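Numbers here are sequence positions counted from 1. Computed from a prediction, not measured in an experiment: that's the story for all the values here. Hydrogens, waters and symmetry mates play no part in the numbers below; they use all other heavy atoms, side chains included.
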Amino acid sequence: TPETIAIARKGARNLLIHAGILGGTAKISPSVNLTQPGSDCFYFSPAAGLCEHLVALGQNVQESDLLARLWSTENTGQPPLEIRARMHGLLIARHHPGLVQTGDCLAVLAVETSLS
C-alpha cells in the first residue's frame, strides 16, 4: 500500500542517515507494540477454496466479527464457510492470493501492549 511504501522509504532513509551515508536527521515516529497473546490470534483454513477477505490490514475487529468467507472451489452452490474473530484485535497479516489450501494461515490478529 502507499502507507507501507512510505514506512519502508522512511526506514531506509533513516538507516542511511544513521550509517553516515546521507546527511540529515532521522525522522522518528511513535511506535506501536503488538503481541499475539494466544492461539486465538491465528486463523487457519479448514478447507481448500477461495478466500474472500472482509477486513483490511490494520483494521480493528471485535470478537465474532466476520474476517473472511471461504468459498468452496470443489462443491459449487454451497454457502461459504465463515471465519469469525475469536477475540478483539488488529488484523496484522492475511493470506494472499485468494486461493487457499487446507491449513493455510488466513489471518493473524494482534493486540496493542505497552513495554514496561
Side-chain angles (χ1 to χ4, degrees):
T1 65
E3 293 83 11
T4 57
I5 291 171
I7 291 168
R9 283 187 182 185
K10 182 174 70 173
R13 182 179 179 280
N14 285 347
L15 176 65
L16 293 172
I17 290 170
H18 178 74
I21 297 168
L22 282 180
T25 304
K27 295 180 181 174
I28 307 298
S29 299
S31 292
V32 175
N33 299 304
L34 300 172
T35 188
Q36 293 87 34
S39 61
D40 281 350
C41 295
F42 303 93
Y43 299 82
F44 297 97
S45 182
L50 180 64
C51 185
E52 175 190 4
H53 293 288
L54 301 170
V55 177
L57 286 172
Q59 185 176 333
N60 281 301
V61 299
Q62 299 300 314
E63 185 176 343
S64 81
D65 281 357
L66 191 57
L67 299 176
R69 291 187 189 103
L70 189 60
W71 296 87
S72 175
T73 54
E74 297 174 0
N75 298 309
T76 59
Q78 292 186 351
L81 295 173
E82 293 185 342
I83 309 300
R84 293 192 174 271
R86 296 184 299 270
M87 58 177 278
H88 72 280
L90 178 75
L91 183 68
I92 62 167
R94 67 180 192 185
H95 189 277
H96 180 82
L99 286 176
V100 296
Q101 299 299 317
T102 302
D104 284 353
C105 185
L106 298 176
V108 179
L109 297 180
V111 293
E112 193 170 339
T113 185
S114 61
L115 292 178
S116 49

K.L.:
Side chains of Leu90 and Glu112: closer than 4.5 Å at any heavy-atom pair?
P.N.:
no
K.L.:
Using the rule that two of Ile, Leu, Val, Met, Phe, Trp, Tyr join whenever any of their side-chain heavy atoms come within less than 4.5 Å, decide whether Leu15 and Ile21 are in one cluster.
P.N.:
no
K.L.:
How many angstroms lie between OG in Ser64 and CZ in Arg86, if you round to the nearest 0.5 Å?
P.N.:
12.5 Å
K.L.:
Looking at NE2 of His96 and NE2 of His53, how far apart are the two atoms once the value is rounded to the nearest 0.5 Å?
P.N.:
8.5 Å
K.L.:
Within this structure, what is the CG-NZ distance for the pair Asn14 and Lys10, rounded to the nearest 0.5 Å?
P.N.:
7.0 Å
K.L.:
Quick check: do Arg94 and Leu57 have side-chain heavy atoms less than 4.5 Å from each other?
P.N.:
yes
K.L.:
Which one of Thr102, Ile83, Val100 satisfies the side-chain contact (heavy atoms from CB on, under 4.5 Å) criterion with Ser45?
P.N.:
Val100
K.L.:
Report yes if some heavy atom in the side chain of Glu52 is under 4.5 Å from a heavy atom in the side chain of Leu54; otherwise report no.
P.N.:
yes
K.L.:
Flag the pair Leu50 / Leu70 as yes when at least one side-chain heavy-atom distance between them is below 4.5 Å, and no otherwise.
P.N.:
no
K.L.:
Is there a path of hydrophobic side-chain contacts, each under 4.5 Å between heavy atoms of I/L/V/M/F/W/Y residues, joining Ile92 to Val32?
P.N.:
yes
K.L.:
How many angstroms lie between CG in Leu106 and CG in Leu67, if you round to the nearest 0.5 Å?
P.N.:
9.0 Å
K.L.:
A side-chain contact here means heavy atoms from C-beta on lying under 4.5 Å apart; do Val111 and Met87 qualify?
P.N.:
yes
K.L.:
Got more than 12 heavy atoms from elsewhere within 6.0 Å of CD, Gln101?
P.N.:
no
K.L.:
Enter the distance from Leu81:CG to Trp71:CH2 here, rounded to the nearest 0.5 Å.
P.N.:
10.5 Å
K.L.:
So, taking the atom named CD in Gln62 and the one named NE2 in His88, what distance separates them when rounded to the nearest 0.5 Å?
P.N.:
7.0 Å
K.L.:
Between Pro97 and His95, is there a side-chain heavy-atom distance shorter than 4.5 Å?
P.N.:
yes
K.L.:
Heavy atoms, side chains only, cut-off 4.5 Å: are Leu109 and Gln36 in contact?
P.N.:
no
